[in-house]
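Everything on this sheet refers to the single structure shown next.
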There are 2 protein chains.
Amino acid sequence: MSVAVIKYDRHMGRWEADARGRLEQAALALYGERGFEQTTVAEIAKRAGLTERTFFRYFTDKREVLFWGAGRLQESLVSAVVAAPDSAAPIDAVIAALEAAGAVFQEGREHSVQRQAVIDVNAELRERELIKLARLATALAGALHRRGVREPTASLAAEAGITVFRIAFERWIKDTSGRELPQHIRESFDELKTVTAGR
Amino acid sequence: MSVAVIKYDRHMGRWEADARGRLEQAALALYGERGFEQTTVAEIAKRAGLTERTFFRYFTDKREVLFWGAGRLQESLVSAVVAAPDSAAPIDAVIAALEAAGAVFQEGREHSVQRQAVIDVNAELRERELIKLARLATALAGALHRRGVREPTASLAAEAGITVFRIAFERWIKDTSGRELPQHIRESFDELKTVTAGR
DNA sequence: ACGGCTGATGTCAGTAACTGTCATTAATGT
DNA sequence: ACATTAATGACAGTTACTGACATCAGCCGT
C-alpha cells in the first residue's frame, strides 16, 4: 500500500480536505430538501464551510454539481468500445459498453434514484442532462471511428445506443421488480431492433 | 404548417405593431453580429424600440427567441402522425410526418443555416435545442399512443425518428449538393435500418 | 533557518439575467 | 363620459457568475 499517494489524508494543507466533495454533498442535500431553484449557491457554500467564489472554482455553474461525474463515465465507455473484439458490429460494441457501465450504476441505485428525482422536476437540469448524453454520443461515435467505422454508421450506432440507454435507465429507475440495469439495456435494444426492422 | 398570422387589429394606434416580431428580428440580428453571449437583452430591446422588461414578457428567457417556433412544428408533426393511414407502421408514420415538415424547412433554408450557425457555437443554445427535440419526441410518442401504439414501441419509434431527423437536418445544413431535407431524412432512415438490422 | 514561491481559499466589486410591483395611457365598451 | 383593459414603462431587488487582488500555510532551494 502506497502511503505516499494518500499523504494528504489528514490535512490537505491548512484547510479541511476534499472541498469539492463537501460542496457536492451540500448541494445534493439542499437540492433534495428544497429543490434546485430554491437553493442558492451561497447556501451550498456555507453548508460546506466555504465561500460562493470557491464553489465556482470547482463547478462551472450551479447545475454542474450534478453532472461532473459524466466525464468519467464517458472515458470508460470509450475505452470499452475501443477494446471490443474486432468481430463485434458497431452497435453491438456500443451496447456491450453500455451494459458494462450499467453494472457500475447498478451498485449505487439509490443514489441514482435520488439524483434523478432532482433532475426530473427541473427543466434546466434536464437540459444539462441531455447535452451530457449528446456529448456521450459524440464520444462514442469517435470511438467507433477508431475502430474503422465510417459515417453515418458511427453516428447512427452511437445515437441509437444512447437512445437505448436513456430509455433503459428510465425504466430501471422506476423498476420495482428488481431487474437490473444491464438487463433493461438488453431488452430495450431488442425492442429497438424490432421497431426498426424493415418490413 | 402555414404562416402565423399575428395581428393586433385592435390596438394598432398606440404602439408600433408586432412587438414580438421586432424583438425576434433584433435578437437574431445581434446574435448573428456579435454572438449570443456578447448580446445583452437591453441591447435587443433597444434595437426593437422597447424595454428589457417587455422582452421578458414575450420570451421566457434570452434563448427562447430562437426556439419558440418549435411549438408550431410540434403541432404539425403530431397532426400528421395522428392522420397517417391506419396501415402505416409506427416508425413509418413518424418518418412520413418528418418528411412533410422537412419540406417546409426546405423553403427557408438560408434562415435555417444562419440560425443554426448561432446555435452551433454556443453550449447553452445547444442545450435548449436538445430539450426542444426531446419534447418533440415525447409529443410524437403521445401521437402514436393515440394511434393505439403501446410502450415501449411508441417511445422507441419516436426517439428513433428524432434521431433520424437530427442527423438528416445536420447533413442538410452542410449540404452543398442541393439535396433536399426530405431526401436526407429518407436516406438517414434507411441507414438506421441497416445499422440496427440484426445479423 | 531563511525567504521566496505555490496553490487553495477569501474578499470585494461588478455585470447582466430575470422577477415583482406598480404606474401610465390609448383604445374599448357600455 | 367613465370605468376597464391591454400593452408597455419604470424601477428596485435577487442571484448567478466573473475578474482582480489579497492572504497565508506549507514546500523547496539555498
Side-chain angles (χ1 to χ4, degrees), chain A residues 3-28 30-31 34-68 118 122-125 127-128 131, chain B residues 6-28 30-31 33-68 118 122-125 127-128 131:
Chain A
V3 175
V5 181
I6 2 173
K7 79 180 182 181
Y8 296 116
D9 61 342
R10 300 208 289 181
H11 301 287
M12 241 168 89
R14 62 182 154 142
W15 299 281
E16 296 295 314
D18 195 17
R20 171 175 219 125
R22 274 150 54 215
L23 286 166
E24 188 183 7
Q25 247 192 296
L28 291 178
L30 288 169
Y31 293 170
R34 330 183 175 171
F36 175 76
E37 282 178 355
Q38 285 64 48
T39 303
T40 72
V41 176
E43 289 168 340
I44 298 169
K46 190 174 181 185
R47 182 182 286 212
L50 294 163
T51 61
E52 209 180 326
R53 192 68 185 83
T54 297
F55 177 93
F56 287 109
R57 287 197 177 99
Y58 283 101
F59 304 101
T60 61
D61 63 55
K62 196 182 159 188
R63 289 176 275 171
E64 195 61 14
V65 191
L66 292 165
F67 296 100
W68 70 280
V118 172
N122 185 276
E124 283 181 62
L125 293 174
E127 288 189 359
R128 177 59 52 88
I131 207 164
Chain B
I6 302 170
K7 292 196 164 153
Y8 296 90
D9 292 326
R10 318 203 301 170
H11 306 278
M12 285 239 279
R14 181 163 182 214
W15 299 283
E16 296 295 316
D18 194 18
R20 171 176 217 123
R22 275 150 54 216
L23 285 166
E24 187 182 8
Q25 246 192 297
L28 291 178
L30 288 169
Y31 292 170
E33 290 167 19
R34 331 183 175 173
F36 175 76
E37 282 179 354
Q38 285 65 48
T39 303
T40 71
V41 175
E43 289 168 340
I44 297 168
K46 190 174 181 184
R47 183 182 285 211
L50 294 164
T51 60
E52 209 180 325
R53 192 68 186 85
T54 298
F55 178 93
F56 287 108
R57 288 198 176 98
Y58 284 101
F59 304 101
T60 60
D61 62 56
K62 198 183 159 187
R63 289 176 277 172
E64 194 61 14
V65 191
L66 292 165
F67 296 100
W68 70 280
V118 172
N122 185 277
E124 283 180 64
L125 294 174
E127 288 189 359
R128 178 59 54 86
I131 208 164

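Quantities reported herein were computed from a predicted structural model and do not represent experimental measurements. Each chain gets a letter, A, B and so on, in the order the sequences are listed, and its residues count up from 1.
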- Query: Does the ring of B:Trp68 carry B:Arg20 above it, NZ/CZ under 6.0 angstrom from centre and within 45° of its axis?
  - Reply: yes
- Does A:Thr51 make a side-chain N or O approach to OP1 or OP2 of C:dG10 shorter than 4.0 Å? yes
- Nucleotide D:dG19, atom P - distance to CZ of A:Phe56 in whole Å: 13 Å
- Under 4.0 angstrom, heavy atoms only, what part of the nucleic acid is A:Phe55 near: base, sugar-phosphate, or nothing? nothing
- Between B:Asp61 (CG) and C:dA17 (C1'), how many Å, whole number? 9 Å
- Item | Lys/Arg N to Asp/Glu carboxylate O, B:Arg47 vs B:Glu33, below 4.0 Å | yes
- Message: Does B:Gln25 have more than 12 heavy atoms from other residues, nucleotides or ligands lying within 6.0 Å of its CD?
- Response: no
- Of B:Glu52 and A:Arg20, the one whose closest DNA chain C nucleotide lies more 5': A:Arg20
- Over how many whole Å does the gap from A:Glu43 atom CD to D:dC17 atom C1' extend? 17 Å
- Query: Is the NZ or CZ atom of B:Arg22 positioned over B:Tyr58's six-membered ring, under 6.0 angstrom from the centre and within 45° of the axis?
  - Reply: no
- Query: Under 4.0 Å between a side-chain N or O of B:Thr54 and OP1 or OP2 of D:dG9?
  - Reply: yes
- Query: Once you round it to whole Å, what is the distance between P of C:dT11 and CG of A:Leu50?
  - Reply: 11 Å
- Are OP1 or OP2 of C:dT9 and a side-chain N or O of A:Tyr58 less than 4.0 angstrom apart? yes
- Query: Starting at CZ of B:Arg53 and ending at C1' of C:dC22, how long is that distance when rounded to a whole Å?
  - Reply: 11 Å
- Task: Calculate the interatomic distance between A:Glu16 atom CD and D:dG26 atom P; express it in whole Å.
- Result: 13 Å
- Task: Salt-bridge test for B:Lys62 and B:Glu52: reply yes if a basic N is under 4.0 Å from a carboxylate O, no otherwise.
- Result: no
- First encountered from the 5' end of DNA chain C, between A:Arg22 and B:Val41: A:Arg22
- Note on the structure: Whole-Å distance, A:Ile44 CD1 to D:dC17 C1', equals 13 Å
- Task: To the nearest Å, give me how far apart CD (A:Glu124) and C1' (C:dA17) are.
- Result: 11 Å
- Note on the structure: Quick note, B:Arg57 side chain, CB onward, closest among D:dT8, D:dA20, C:dC18 is D:dT8
